[in-house]
Amino acid sequence: AFGIATAEMMKAGVVPFVPQEGAQSEIVQEHELIYQDIEDAALKITAVLRSETRQKELHEAMLRRGAEFTPERFCTEVRDLVNRALVGKPGTRA
């Protein structure tokens, strides 16, 4: 799964803790928010909750990262991908 809910939470400034498996970890990209198992999740959540400074830093990081997941950017990247696939094929233009 892509993890659209995770991307939407990040756009809202939520600090999501996500499992290592699946696309969510690729979206979040913050090691301390990606857990391997329940025990690891509990340790990571506790560590973040203990630091108000780190909470604010992660909030800002999630807002920045979440801004990458807009419909406009998606459309632009799909167009670019199609253009790259068509380059060099007869009867097409870049």
Side-chain angles (χ1 to χ4, degrees):
F2 170 71
I4 193 69
T6 300
E8 291 295 330
M9 286 189 294
M10 290 168 52
K11 286 171 64 175
V14 173
V15 177
F17 292 86
V18 299
Q20 174 64 46
E21 301 83 29
Q24 294 177 10
S25 62
E26 294 174 22
I27 294 168
V28 171
Q29 293 186 346
E30 289 283 343
H31 176 73
E32 66 196 290
L33 302 179
I34 301 168
Y35 60 85
Q36 303 295 322
D37 53 34
I38 298 296
E39 291 81 16
D40 189 38
L43 290 171
K44 289 182 176 187
I45 291 168
T46 301
V48 170
L49 289 176
R50 286 188 175 146
S51 173
E52 189 173 329
T53 300
R54 191 60 185 138
Q55 290 172 36
K56 290 177 183 177
E57 292 169 350
L58 288 167
H59 166 75
E60 293 297 324
M62 293 302 99
L63 286 173
R64 286 189 303 276
R65 181 83 177 117
E68 296 180 22
F69 299 99
T70 64
E72 296 80 13
R73 182 169 180 191
F74 175 80
C75 290
T76 298
E77 289 189 11
V78 168
R79 284 186 198 107
D80 290 347
L81 180 64
V82 170
N83 278 335
R84 285 194 307 268
L86 294 176
V87 168
K89 296 196 177 191
T92 62
R93 56 186 164 128

For residues [X] and [Y], report the shortest heavy-atom separation together with the two atoms involved.
{"X": "V48", "Y": "E32", "value": "CG2-OE1, 4.0 Å"}
{"X": "Q36", "Y": "E21", "value": "O-OE2, 4.4 Å"}
{"X": "Q20", "Y": "S25", "value": "O-OG, 3.0 Å"}
{"X": "M9", "Y": "P16", "value": "CE-CB, 4.1 Å"}
{"X": "M62", "Y": "E30", "value": "CE-CG, 3.6 Å"}

Side chain of [X], backbone of [Y]: donor and acceptor closer than 3.5 Å?
{"X": "R65", "Y": "I27", "result": "yes"}
{"X": "Q24", "Y": "P19", "result": "no"}
{"X": "E77", "Y": "F74", "result": "no"}
{"X": "K44", "Y": "H31", "result": "yes"}

Test of understanding: clusters of I, L, V, M, F, W, Y form through side-chain heavy atoms closer than 4.5 Å, transitively. Do L49 and I38 belong to the same one?
no

Exercise. Do the side chains of V28 and F17 join up, straight or via other hydrophobic residues, at under 4.5 Å, putting them in one cluster?
Worked result: yes

Spacing of [X] atom [atom1] and [Y] atom [atom2] [to the nearest 0.5 Å]:
{"X": "D80", "Y": "C75", "atom1": "CG", "atom2": "SG", "result": "11.0 Å"}
{"X": "H59", "Y": "R64", "atom1": "NE2", "atom2": "CZ", "result": "10.0 Å"}
{"X": "I45", "Y": "Y35", "atom1": "CD1", "atom2": "OH", "result": "7.5 Å"}

| query | Does the pair E52/K56 count as a salt bridge with the N-to-O cut at 4.0 Å? | reply |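 Salt bridge flag = yes for K56 with E52.
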
List in chain and number order the residues that pass side chain to side chain donor-acceptor pair (under 3.5 Å) with E8, two or more places apart in sequence or in another chain; answer none if no residue qualifies.
->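 So E8 forms no side chain to side chain donor-acceptor pair (under 3.5 Å) with any residue.
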
Evaluation steps, side-chain contact (heavy atoms from CB on, under 4.5 Å), between D37 and D40: CA-CA 5 Å; D37 53 34; D40 189 38; 3.3 Å; yes

(message) Any heavy-atom pair between the side chains of L33 and V18 that's under 4.5 Å?
(response)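 In short, these two side chains do not touch, never coming nearer than 4.5 Å.
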
Side chain proximity check, V14 to M10, heavy atoms < 4.5 angstrom
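A side-chain contact is absent here, since even the closest heavy-atom pair is not under 4.5 Å.
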
